[in-house]
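Report on the following structure.
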Amino acid sequence: MVQGTFKRQVQVGRVVLLNYGADAGKLAVIVDIIDHNRALIEGPTTGVVRQSFPFRRMVLTPLVLKKLPRNVGQTALKKAIEKNDIVGAWNKTAWAKKIEQRNVRANLSDFDRFKLAKLKNQRRFAVASAVKAAKKQ
């Protein structure tokens, strides 16, 4: 699967973002590959239990846990995730920041949306005034 400039392969240790079901939006790690359609995943730090999950309901991220054996136990997987600070690395990505920004915008109150509209209007006025002043010179 090729997305953007990253070439992401389905492999043991690949961190995935679940996009369907009760665990949608959570991170998990591919522990074993079952067949061409499913993988065994687990996310001990994010609350995802070990389960078979179809590839079409997960998105591969650029994050990988190197040298992770197949069918690794939960405690060893948890130690590897914490050692490599996978959750922290995920939170630094533009992808995670965009998801967080989308959630913040979705949870704005009416008054917050009103304040945002007023601030955008002020910015638009300042930019237009500066462009007009620059054109006169």
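Owing to the predicted nature of the structure, the values given are computational and were not obtained by experimental measurement. All values below come from the heavy atoms of this structure, side chains included, with hydrogens, waters and symmetry mates left out.
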Do [X] and [Y] belong together in a cluster built from hydrophobic side chains that touch within less than 4.5 Å?
X	Y	answer
Val64	Leu17	no
Val87	Val29	no
Val10	Ile41	yes

Results of salt bridge (Lys or Arg N to Asp or Glu O under 4.0 Å) for [X] - residues two or more places apart only:
X	answer
Arg50	Glu42
Arg38	Asp35
Arg105	none

- prompt: With Tyr20, which residues qualify under side chain to side chain contact (heavy atoms under 4.5 Å, CB included), at least two apart?
  reply: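 Applying side chain to side chain contact (heavy atoms under 4.5 Å, CB included) to Tyr20 gives Arg57.
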query: Residues two or more places apart in sequence or in another chain: which of them pass side chain to side chain contact (heavy atoms under 4.5 Å, CB included) with Val49?
result: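 For Val49 the side chain to side chain contact (heavy atoms under 4.5 Å, CB included) partners, ignoring immediate neighbours, are Gln51.
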message: So, using side-chain hydrogen bond (donor to acceptor under 3.5 Å, both in side chains) as the criterion, who are the partners of Asp110 when residues are at least two apart?
response: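 In terms of side-chain hydrogen bond (donor to acceptor under 3.5 Å, both in side chains), with neighbours along the sequence ignored, Asp110 is linked to Arg113.
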Under 3.5 Å, which donor-acceptor pairs link side chains of residues 124-137 to any protein atom two or more places apart or in another chain?
{"from": "Arg124", "atom 1": "NH2", "to": "Asn121", "atom 2": "OD1", "distance (Å)": "3.4"}
{"from": "Ser129", "atom 1": "OG", "to": "Phe125", "atom 2": "O", "distance (Å)": "2.9"}

- prompt: With no hydrogens and no angle check, is any side-chain donor or acceptor of Thr61 less than 3.5 Å from a backbone partner on Val15?
  reply: yes
message: Taking salt bridge (Lys or Arg N to Asp or Glu O under 4.0 Å) as the cut-off, I'd like each qualifying pair that reaches into residues 11-26, sequence neighbours left out, listed once.
response: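 Every pair satisfying salt bridge (Lys or Arg N to Asp or Glu O under 4.0 Å) with a residue in residues 11-26: Asp23-Lys26.
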message: Show me the pairs that pass salt bridge (Lys or Arg N to Asp or Glu O under 4.0 Å) and involve residues 92-103, at least two apart or across chains.
response: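 For residues 92-103: none.
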Let me have the donor-acceptor pairs involving side chains of residues 78-85, under 3.5 Å, with sequence neighbours excluded, atom names and distances please.
{"from": "Asn84", "atom 1": "ND2", "to": "Ala80", "atom 2": "O", "distance (Å)": "3.2"}
{"from": "Asp85", "atom 1": "OD1", "to": "Gly88", "atom 2": "N", "distance (Å)": "3.4"}

Heavy-atom side-chain proximity of [X] to [Y] below 4.5 angstrom:
X	Y	result
Leu77	Leu65	yes
Val12	Val31	no
Ile99	Trp90	yes

- line: Nearest heavy-atom approach of Arg8 to Trp95 is NH1-CZ3, 4.4 Å
message: For Ala89 versus Thr93, what's the shortest heavy-atom pair and its separation?
response: O-CG2, 3.3 Å
Show me, pair by pair, the donor-acceptor contacts under 3.5 angstrom made by side chains of residues 66-76, not counting sequence neighbours?
{"from": "Arg70", "atom 1": "NE", "to": "Asp32", "atom 2": "OD1", "distance (Å)": "3.0"}
{"from": "Arg70", "atom 1": "NH2", "to": "Asp32", "atom 2": "OD1", "distance (Å)": "2.5"}
{"from": "Asn71", "atom 1": "ND2", "to": "Asp32", "atom 2": "OD2", "distance (Å)": "3.3"}

query: When Ile, Leu, Val, Met, Phe, Trp and Tyr are grouped by side-chain heavy atoms lying under 4.5 Å apart, directly or through other members, which residues fall in the same group as Leu116?
result: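 Leu108, all in the cluster of Leu116.
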- prompt: CG of Leu40 to OG of Ser52: how many Å apart, nearest 0.5 Å?
  reply: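 It is 7.0 Å, given to the nearest 0.5 Å.
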